[in-house]
Engineer: 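Right, I'll just put the structure down here and ask away after.
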Amino acid sequence: MSHHETLLVDLHKKHIRALENNTDSFEYWVIEHLRVSGVYWGVSAMVLMNALQEMDREKLIEYVLSCQHPSGGFGGNVNHDPHILYTCSAVQLLAILDALDRLDVDKVVTFISSLQLEDGSFKGDQWGEIDTRFSYCSLVPLAILNRLDAVDTKKAKSYVLSCQNFDGGFGCVPGAESHAGQIFTCVGALAILGGLDEIDADVLGFWLCERQLPEGGLNGRPEKLADVCYSWWVVSSLAMLNRIDWIDGDKLKKYILNCQDDEAGGIADRPGDVADVFHTFFGLCVNQQVFPSSDTQD
Amino acid sequence: MHSVRRRTAEEKEEKRIAEKAHIDKFCKLSETVMALRNNEELTKEALKTAGTLLEMNFEFYTVWNFRREIIQRLSEENSDSDALYKEELQFIQNAIMANPKSYWAWFHRKWIISRMSQPSYTKEIFLCNQLLEKDTRNFHCWGYRRWICQKMGAGEQEIFDFTTKKIEHLFSNYSAWHERSRILSTYPAQQLKGLLQSELEYVQNAFFTSPDDQSAWFYYRWLIAKFIENSTEEEASQLLETQFEPLDQLIEVEPNSRWPLNTKLYLLSKMNGRGEEMKEILVKLREVDPTHQKYPELNS
């Protein structure tokens, strides 16, 4: 295992830029269905490294727009079916690229509001899977577009709260086990809806900070291994609850640094594993959240 | 991508060569399936081709959507739809066995079951139980099992007994403790209170057996909070007083275990005038658990 003292920013930039040319690896193709989200993670990682200007803005905008379906929703790639997961990534991307003026906002809003059900929950697409991830992914673009009025926010809030569990955490539907990723989406949704005061932040905060393991990284559920992405879901939830100082930030930073690939760049889920764009982005997010004035800045 | 070890340059090159044919096949098949869909070829043959593609990547959600469109059409054309659905359940079972964490595959199974006139819920429960033997914590599987139980009108006692079985097999099965709390939460306050003594003994047995495992401790905290919520101040303080003896015993045997200590801190915080004891425990906790930074009990 390699130990690093600093964030290998140049290597990570190289890693991100190389992604689109990595077509002789099956990993490239196997995530073809979520390319829009992949681009969002990559572009956002570049933003966190102050390197957005190194990307081809116009090409990115055209690509994102080409994934939009006549219904207004976005697919994970060109000609793939519209789904809220990718609609969220697409709107986030266009906002980052300062290109929301290129978007037919009413169409997107119509698509999103068509997903809300009577009980306040959101389905992911016309096929009807329900999940609090979809609540979050519906509310984020609406908030960005300043169109939260297009859905029933009161019901959206009560549905999210109905997914809260004995341990203070949240699951994907009422009764489902707490999971750090799901907690991020529910706490995030409540933050957008102005409902954070309805959570017992001490109970949830305790569960969240108990995700930190002695090696510094955080897991997503009790008795699981530490992982960079779960570290982000937990840390960001703690931040929204104003309890970021409940974990040991120095230890977490060391863990993230040790998950870096010091040859090809990028950050992996755990030390010694293969890096990918998802963990690279979330690793950088953790770094930024816990150490806002850190070494990503030139 | 999770838990894939990093490769050497040589291994990377070997992988590249080995994958080339696989990639070509995948790309060609993707094109074929997308073309079939554009032409609205909603046939058995197309279903098969889409299946071959999914077997290469079960996360290709658009292809699952295509399968549903085909199945909708075939079921309209065919009087014996249940045979079609049964075949589809077999296909999904293979998908789930290969990739037990695929949201799309689990959803597709729900979709099929919902369309069947007489689905075999017992078979579904059997499948879930089998999968939960392999991975006791698969939340997709727990969620699907919960959904099936609801559909078949399974009794709360039955689900409760299942959690007992899973917990006794493995005390650190947090998913089972979660399920147990969910069932108890549906009970009226008085019924829950009546069960409390036996639940407390049950959970104490678990944390005495493996004191470093978090699962039982979270459940214990919840039980205590639930009891306090539904009791008079006097009842609550009587109960709390009885909780220290077993904890102190455990602290004596396992002085370096953090959970008995932080749980004692939690109990003391629910009582009046125990500030000094709380401070003493905090000193010990700082020694045995340096990672943990803050305790909400000491905020107030």
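Chain A is the first sequence line, chain B the second, and so forth, proteins listed ahead of strands; every chain is numbered from 1.
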Engineer: Salt bridge or not for A:Lys254 and A:Asp250, using N-O below 4.0 Å?
Structural biologist: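 No, A:Lys254 and A:Asp250 are not salt-bridged.
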
Engineer: Have a look at A:His83 and tell me which of A:Phe122, A:Phe111, A:Phe134 forms a ring-ring contact (aromatic ring centres under 6.0 Å, His included) with it.
Structural biologist: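 Going through the options one by one, the only one that passes is A:Phe134.
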
Engineer: Are there more than 12 heavy atoms of other residues, nucleotides or ligands under 6.0 Å from atom NZ of B:Lys101?
Structural biologist: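 12 or below, so no.
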
Engineer: Please look at A:Asp125 and chain B and tell me whether the side chain, the backbone, both or neither of the residue comes under 4.5 angstrom of a heavy atom of that chain.
Structural biologist: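 Just its side chain gets close to chain B.
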
Engineer: Does a salt bridge link B:Glu179 with B:Arg145, judged by any charged N lying under 4.0 Å from a carboxylate O?
Structural biologist: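 B:Arg145 and B:Glu179: not salt-bridged.
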
Engineer: Heavy-atom distances under 4.5 Å only: say whether B:Trp147 touches chain A with side chain, backbone, both or neither.
Structural biologist: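 Looking at B:Trp147, nothing touches chain A.
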
Engineer: What part of A:Glu215 is in contact with chain B, defined as an atom under 4.5 angstrom from a non-hydrogen atom: side chain, backbone, both or neither?
Structural biologist: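 No part of A:Glu215 comes within 4.5 Å of chain B.
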
Engineer: Checking heavy atoms, do the side chain of A:Glu210, its backbone, both or neither come under 4.5 Å from chain B?
Structural biologist: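 For A:Glu210, the contact with chain B is made by backbone and side chain together.
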
Engineer: Output the residues of residues 31-40 of chain B for which the shortest heavy-atom distance to chain A is under 4.5 Å, in residue-number order; output 'none' if no such residue exists.
Structural biologist: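 Expected list: B:Met34, B:Arg37.
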
Engineer: Side chain, backbone, both or neither: which part of A:Asp261 has an atom under 4.5 Å from a heavy atom of chain B?
Structural biologist: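 Both parts, backbone and side chain.
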
Engineer: To the nearest 0.5 Å, what is the distance between CG on B:Leu282 and CG on B:Leu268?
Structural biologist: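 Answer for the CG-CG pair, B:Leu282 versus B:Leu268, is 12.0 Å.
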
Engineer: Answer with side chain, backbone, both or neither: which region of A:Ala275 has an atom nearer than 4.5 Å to a non-hydrogen atom of chain B?
Structural biologist: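 Just its backbone gets close to chain B.
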
Engineer: For chain B, which of A:Ile130, A:Ile247, A:Asp269, A:Asp273 has the most heavy-atom pairs under 4.5 Å?
Structural biologist: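 Of the options given, most contacts go to A:Asp273.
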
Engineer: Which bit of A:His80 is near chain B, if near means a heavy-atom gap under 4.5 Å: side chain, backbone, both or neither?
Structural biologist: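 For A:His80, the contact with chain B is made by backbone and side chain together.
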
Engineer: Under a 4.0 Å N-O cut-off, is there an ion pair linking B:Glu229 with B:Lys226?
Structural biologist: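 The answer is yes: the pair qualifies as a salt bridge.
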
Engineer: Between A:Leu225 and chain B, with a heavy-atom cut-off of 4.5 Å, which part of the residue counts as in contact: side chain, backbone, both or neither?
Structural biologist: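 For A:Leu225, neither part sits under 4.5 Å from chain B.
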
Engineer: On the six-membered ring of B:Trp217, is B:Arg221 placed so that its NZ or CZ lies under 6.0 angstrom from the centre and within 45° of the ring axis?
Structural biologist: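 Output no; distance or angle outside limits.
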
Engineer: Kindly confirm or rule out a cation-pi arrangement of A:Lys224 over A:Tyr230, judged by NZ or CZ under 6.0 Å from the six-membered ring centre and within 45° of its axis?
Structural biologist: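 The answer is no, since A:Lys224 fails at least one limit relative to A:Tyr230.
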
Engineer: Output the option from A:Arg221, A:Gln212, A:Arg270 having the highest count of non-hydrogen pairs under 4.5 Å with chain B.
Structural biologist: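 The option with the most such pairs is A:Arg221.
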
Engineer: Aromatic contact between B:Tyr61 and B:His108, with the criterion being ring centroids under 6.0 Å apart: yes or no?
Structural biologist: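 Centroid distance B:Tyr61-B:His108: not below 6.0 Å, so no.
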
Engineer: Supply the atom-to-atom distance B:Ser175 OG to B:Trp142 CH2, rounded to the nearest 0.5 angstrom.
Structural biologist: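 Between atom OG of B:Ser175 and atom CH2 of B:Trp142 there are 6.5 Å.
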
Engineer: Output the option from A:Gly175, A:Cys209, A:Ala268, A:Gly205 having the highest count of non-hydrogen pairs under 4.5 Å with chain B.
Structural biologist: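 Answer, by heavy-atom pair count under 4.5 Å with chain B: A:Gly175.
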
Engineer: Just to verify, which of B:Phe107, B:Trp111, B:Trp106 counts as forming a ring-ring contact (aromatic ring centres under 6.0 Å, His included) with B:Tyr144?
Structural biologist: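 For B:Tyr144, the ring-ring contact (aromatic ring centres under 6.0 Å, His included) check succeeds only for B:Trp106.
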
Engineer: Do A:Phe206 and A:Trp246 have their ring centres less than 6.0 Å from each other?
Structural biologist: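 Judged by ring-centre distance (under 6.0 Å), A:Phe206 and A:Trp246 do not meet the cut-off.
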
Engineer: Do you know which of B:Arg137, B:His22, B:Glu59 has the most heavy-atom pairs with chain A at a distance under 4.5 angstrom?
Structural biologist: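 Option with the greatest count: B:Arg137.
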
Engineer: With sequence neighbours left out, what residues match A:Tyr136 under side chain to side chain donor-acceptor pair (under 3.5 Å)?
Structural biologist: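 By the side chain to side chain donor-acceptor pair (under 3.5 Å) rule, A:Tyr136 matches no residue at all.
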
Engineer: With only heavy atoms counted, which part of A:Leu85 is less than 4.5 Å from chain B, the side chain, the backbone, both or neither?
Structural biologist: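 Contact with chain B: side chain only.
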
Engineer: For chain B, which candidate among A:Arg211, A:Gln126, A:Glu263 shows the most heavy-atom pairs at distances under 4.5 Å?
Structural biologist: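 Top option by heavy-atom pairs under 4.5 Å: A:Arg211.
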
